[in-house]
Amino acid sequence: MLRLLMGAALLNVLLLLPLWLRFGGLSMRWIALEALLLAALLALLPAGGRVAWLRWPVLVAVVAAMLAALGDAATHVAFGRSLNLYLDLPLLRSVFHLLEGNLGRVVALAASLLGLLLTVLGIWLLSRLLCGLQGLARGGLAAGLAGVMLAASGTLVATEFHHPRLLPVARTPLLDTLRFQGQQLVETHRAHRDFVVRMAESPAPAQALEGLAGRDVLLVFVESYGVAALFDERYAGRVVPRLEEMAERFEAAGLSVVSGTLEAPIRGGQSWLAHASILSGLRIDNPLWYRLMLASDQATLVDDFRATGHRTLTVMPAITLAWPEGEAYGFDEIHAAADIDYAGPALNWVTMPDQFTLHYFEKHLRSGGPPMPPSAREPLFAQIALISSHAPWTPVIPVLDDWSEVGDGSVFRRWADAGDPPEVLWQDLERVRDHYAMSLDYALHASTRWAEEFVDDDTLLILLGDHQAAPLITGEETSGGVPVHVISGAPALLEPFLARGFVTGTLPPPDDAQAGVDRPGMERLRGWLHEDFGSRSGDVRVRTVPNER
């Protein structure tokens, strides 16, 4: 009888462990009803004979539910959402590359191997536990106890889905996980069909933006820059003064700035979904929709600006592998990490600091080539991703006052080993949060110094966050809003944004930071540009760039 109780208790802990990790403590979750049900059922079954095989499907179900529940807990910590096996399994490779960039290849391989070994060990121990339980109640008190456990847990499980919970401390984690993932699969297939229909019904064809003809339009994303950085006291003390200085410097440079908030489709990571939402005018919040959009003839801002007469390019210093998506968008030029002549060190995951990225863009891509008057230069639409504020947020380096020192980036070698390594910094979550704020301060400082010198009357700069940082940094209840700063030397270009609810200056309205506010999504920006700067002559047909995949 004692062995039965111990086995049920151990199985109970294993099934509830993912929930404890997900919700940060034991809370009201003490009993996994399936643990009692399965332990009693196996104990009453014979250990041999025709039913001996029954423990194996039980093992498969328990292991599958536990792995899915652990994955769900990790996904909540990283992205503030639930795990979707159908969509998220292909991202395992990206997770490894993230570990490799943050901790190094050796540590990433060691962590992956350790995870695999722990999984195998867990499966082996669980199989031994189930084998030990089967046939344990052969009579006497053990059989009576198993019968009571089976009847009580079976009744509670049956009522769990039809009545208010009879036992507040009890849960059905195995059934809940398997049922939830099954529902996710059905809903994902339904969303797949709906998204295809939505693209067909709302094709949003390319449109020339005559109001921006002849002007450079620069779309600059700041990694992990969410509204928490402005209105959470843990970060605002460092970030808000930088924004106030930004406003002062822009005014001194003859630049105007307005700011607002847009809702990002994701949190914590997967920046490419935010980029896709901005460019396409569709809300893209999962990899499936991303692939469908790229494989379609859906026009994007790249097509709009090509129709307006702009040269189009993207600067993506975080892209270190093949990136066919860039070709699918149809950019005239793609400048990934390997295409950028950077002679400095990688700073953990960050391949190059933001100051170098902006310097390289300005000197080699925007102003490169022989000097020519502005009227003769082809206007430019550029998407630029700044990545210094990406985890692990170490080291945080200073912005060089003299931009001529930036050169080929070799000047940054002096910071190659600066700061604590990630494995040291991440032992203290409060220090991690401090470094997050410091890295945003760096990104905004570099952007300010660059913009005050190179943004003019013929430039429209849209500087915005790509998504909120992970819930581990900002908390579970933080909204998905990101600040958007629109800057130009021509105040008339900013008037349409004021009409959309933006405000003068570098601080968005405080109310926009509150969760639950119905704010426009990132996908609205393309439609706004169409309405406020678009061609009066109607849609303009452009060549669809073939998507070779």
Side-chain angles (χ1 to χ4, degrees), residues 195-196 198-200 202-221 265 270-284 287-340 357 361 364-366 368-369 377-385 460 462 464 466 522-530 533-535 537-549:
F195 185 75
V196 172
R198 183 152 59 96
M199 283 197 301
S202 304
Q207 183 180 127
L209 305 175
E210 290 185 347
L212 297 173
R215 303 179 188 270
D216 288 346
V217 179
L218 311 178
L219 186 63
V220 180
F221 290 95
Q270 298 180 276
S271 302
W272 57 91
L273 301 182
H275 302 167
S277 297
I278 287 280
L279 292 176
S280 68
L282 297 169
R283 181 178 174 83
I284 309 292
L288 175 62
W289 290 5
Y290 181 66
R291 294 194 297 269
L292 290 173
M293 186 275 293
L294 290 176
S296 73
D297 289 336
Q298 172 72 28
T300 69
L301 281 174
V302 179
D303 301 304
D304 296 332
F305 280 103
R306 182 182 295 108
T308 314
H310 286 65
R311 165 177 155 242
T312 64
L313 64 84
T314 183
V315 183
M316 304 293 286
I319 299 296
T320 58
L321 301 173
W323 193 49
E325 294 93 329
E327 296 179 5
Y329 279 124
F331 285 104
D332 296 322
E333 302 172 26
I334 298 172
H335 299 273
D339 307 308
I340 299 173
T357 301
F361 165 75
H364 298 278
L365 304 180
R366 188 183 186 195
R377 184 172 63 83
E378 193 175 19
L380 178 68
F381 169 67
Q383 172 191 262
I384 305 171
L460 180 68
I462 303 175
L464 74 164
D466 54 2
M522 279 184 162
E523 66 276 7
R524 295 288 299 280
L525 180 63
R526 184 177 178 229
W528 288 353
L529 295 179
H530 280 194
F533 301 101
S535 170
S537 59
D539 298 336
V540 177
R541 294 184 177 273
V542 295
R543 178 180 60 86
T544 299
V545 179
N547 183 16
E548 299 178 0
R549 302 183 64 80

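Bear in mind that the values here come from a model prediction, so they are computed numbers and not experimental data. Throughout, residue positions are numbered sequentially from 1 according to the sequence presented.
- Side-chain contact between Leu313 and Leu365: present, with at least one pair of heavy atoms (C-beta onward) separated by less than 4.5 Å.
- Atom CE of Met316 sits about 11.0 Å away from atom CD1 of Ile384, to the nearest 0.5 Å.
- Minimum heavy-atom separation, Pro265 to Leu273: CG-O, 4.0 Å.
- Ile278 approaches Leu301 most closely through the heavy-atom pair O-CD1, 3.6 Å.
- The shortest side-chain heavy-atom distance between Leu464 and Phe221 falls under the 4.5 Å cut-off.
- Taking CG from Asp466 and NE2 from His275, the interatomic distance works out to 5.0 Å, rounded to the nearest 0.5 Å.
- For Phe381, the ring pair (Phe, Tyr, Trp, His ring centres under 6.0 Å) criterion is met by Phe305, not counting sequence neighbours.
- Taking CD from Glu378 and CZ from Arg311, the interatomic distance works out to 7.0 Å, rounded to the nearest 0.5 Å.
- Looking at every heavy atom in both residues, Asp332 comes nearest to His310 through OD2-O, 4.1 Å.
- When all heavy atoms are compared, the tightest approach of Asp216 to Leu380 is OD1-N, 2.8 Å.
- Side-chain atoms of Leu279 and Tyr329, non-hydrogen and from C-beta on, do get closer than 4.5 Å to each other.
- Under a 3.5 Å cut-off, the side chain of Ser277 and the backbone N or O of Glu523 do not form any donor-acceptor pair.
- Here the closest non-hydrogen pair linking Phe331 and Arg306 is N-NH2, 4.3 Å.
- Here the closest heavy-atom approach between residue Met522 and residue Ala274 is recorded as SD-CB, 3.6 Å.
- Thr312 places no side-chain N or O within 3.5 Å of a backbone atom of Val302 that could act as its donor or acceptor partner.
- Between Thr314 and His335 the shortest side-chain heavy-atom distance does not fall below 4.5 Å.
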